[in-house]
Amino acid sequence: MTHRFQAVKGTRDILPPESALWNRVEQTARRVFATYNFQEIRLPILEQRYLFERSLGYESDIVSKQMFTLEDRESSELWVWRDLVSDWKLRIDDPLALDQFEYALKRLLQCLEVELQREEKILRPEILQSARDALLHNAEKLRELREKGITPQGLEVLIETIQLEAATVRGEDLGLRPEATASVVRAYIQHGLHTRPGLTKLYYIGPMFRRERPQKGRYRQFYQVGAEVLGSSDHPALDAEVIEMLLVFLDRCGLREHTLYVNSIGCSDCRPKYVERLRSELQKVKDHLGADSRRRIETNPLRVLDSKLPEEQPIIEKLPSILDHLCDACRDHFQKFQQELKDRSLAYEINKRLVRGLDYYIRTTFEVTAPGLGAQNAICGGGRYDGLVELLGGPPTKGMGFALGTDRLLLALRQVEESGGKDQLDVFMVWLGASALRAARMLARRLREQGISTELLYEETKLKKALGLADKSSARYAVLIGEDELAQNKFTLRDMRSGQQRALSESELLQELAASAGASAAEE
RNA sequence: GUGAGCGUAGCUCAGGGGUAGAGCAUCGGUCUGUGGAUCCGAGGGUCGUGGGUUCAAAUCCCAUCGCUCACCCCA
């Protein structure tokens, strides 16, 4: 039986020549960010799941249903007992087996206690606790029932209940990162980066994972380029400079049409007051809202502002604006931030309905959109997150950053064809005869040492066919080595575009090719 | 999690009950030291998978899986 493998849902391969585009975008990011004194941080793709739960919020969609999680079971014997309990095959007529089950249950409870006493909680403590309480209760019940002697049916039900409860203690204590800000902050705290002088300016490039239905510009493994500034400053100039850097980067990538939207969503002082105000206003008009928006009145009133339903737009327009409810400090910050943008000649639009989905944002939020992306027109989002470091157990620290979806940026660039035809290969080497092969091998090595990309045929091939292969590989030049060349101690350099050939000595050849290879390398 | 559309060669797609097709691509020949063109030829498929109807199913019916797009949510 044959099985046809394919990339798992929501992941894809990035093949050449498209992969060259990716490299170019990432190189551009590295260059631009370096000029703003940002340095790269390389982060693990796996983190403790709890990190994301703390930073993004338990109730956020990302954590509650979009995170890829996996068990790390090495760390504890907890899993041994859990598996024994939850996988135990019902053999209620066998008292010995029942003894074993009870023993495993007892050990599982002990492990749970240990886990609950741990300083660093890796598993969600409330899940552990409720499992512990339920199991404790049922273990007691089980013992009583066994002492009294119970109907097999009753015992069966109880054991199944226990097994289900045990299964809730899952080793999903690791998560594939759905975004990288939490990882950056974790690393900042873990390595004491706050003790380094000045602000910490970091950027990262890499894949993120979210388990959601794929659609245009949205994958389960997607790629982000992001930057974060951590430290003691929350100066509006910093926010503006980060955005300037982002826009310079987009410009250098060749993205011409895009729009920067900015907003302020206040701080822990003024936002809750506004949210309450908003909620009460929404209550008044809730009969005119759709089911989703009605639900959000309780769960997250800010998100109602995000609704795209046409019939809700007039209602939303009339709702109170967060910008009218900022405290003095936040209003001042937002004003100065806008002035900083103007002083940098950065065009922007205020979008008072721009509320970021993640819990940790404060004050400045922003988003860049580009046309041609289907329903997902945002390519980049970011903002200020002053409380996050503290929330994750670090010292009071200000933070600001953005994350940019590379998949969507490239979709907006639409330049795959343009860059696809570029010469990838400098030299296709053609040899005829065994002694020519020896010369070809040595020459190929020297060319490659000079950074000149060279293809050398492995098998002897007729000249006509070899040139055909050179053509198909879209090589810039062919180098021919045969008996004539060996006799003259020269090589034939053939320009594959013009078809012109010249006989050159090795040093002449190297010189000639170094010039053209150098030119194409500079473009990269 | 919800809804819609689409699954036939590597790619783009025809065929809508009676022998599995085209163009492009690949490989070989034409062509034994000169590529791109022409011409000739070849390989490549359990028509997504499973079941049903039928003498006969790529085709009709059912189920299932996959892909795509949209909703939700977000970058």
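First the proteins, then the strands, lettered A, B, ... as listed; each starts at 1.
Checking the phosphate oxygens (OP1, OP2) of B:rA70, a side-chain nitrogen or oxygen of A:Q215 falls inside 4.0 Å.
You'll find a donor-acceptor pair under 3.5 Å spanning the side chain of A:E485 and the base of B:rG33, going by distance alone. The base of B:rU34 lies close enough to the side chain of A:Q501 for a donor and an acceptor atom to sit less than 3.5 Å apart. Checked by distance alone, A:E212 brings a side-chain donor or acceptor within 3.5 Å of a matching partner on the base of B:rA75.
A ring-centre distance under 6.0 Å is found for A:F249 and A:F33.
Rounded to an integer number of Å, the gap from A:E459 CD to B:rC27 P is 13 Å. Atom CG in A:L56 sits about 11 Å away from atom C1' in B:rC74, given to the nearest Å. Between the CZ atom of A:R408 and the C1' atom of B:rA75 there is a distance of 5 Å, given to the nearest Å.
Taking the C1' atom of each, B:rG28 and B:rG43 are spaced 10 Å apart, rounded to whole Å. Between the P atoms of B:rG18 and B:rG5, the separation comes to 26 Å (whole Å). Across B:rC6 and B:rC62, the matching P atoms stand 14 Å from one another, rounded to whole Å. Spacing between B:rC31 and B:rA37 at atom C1', rounded to whole Å, works out to 13 Å. For the P atoms, the distance linking B:rG10 with B:rC27 amounts to 15 Å, nearest Å.
Under 4.0 Å is where a charged nitrogen must lie from a carboxylate oxygen, and between A:K490 and A:E485 no such pair does. Using a 4.0 Å cut-off between a side-chain N of Lys or Arg and a carboxylate O of Asp or Glu, A:D251 and A:R256 qualify as a salt bridge.
With a glycosidic angle further than 90° from 0, B:rG48 counts as anti.
Taking the six-membered ring for Trp and thresholds of 30 and 60 degrees, A:W22 and A:Y223 have ring planes more than 60 degrees apart, a perpendicular arrangement.
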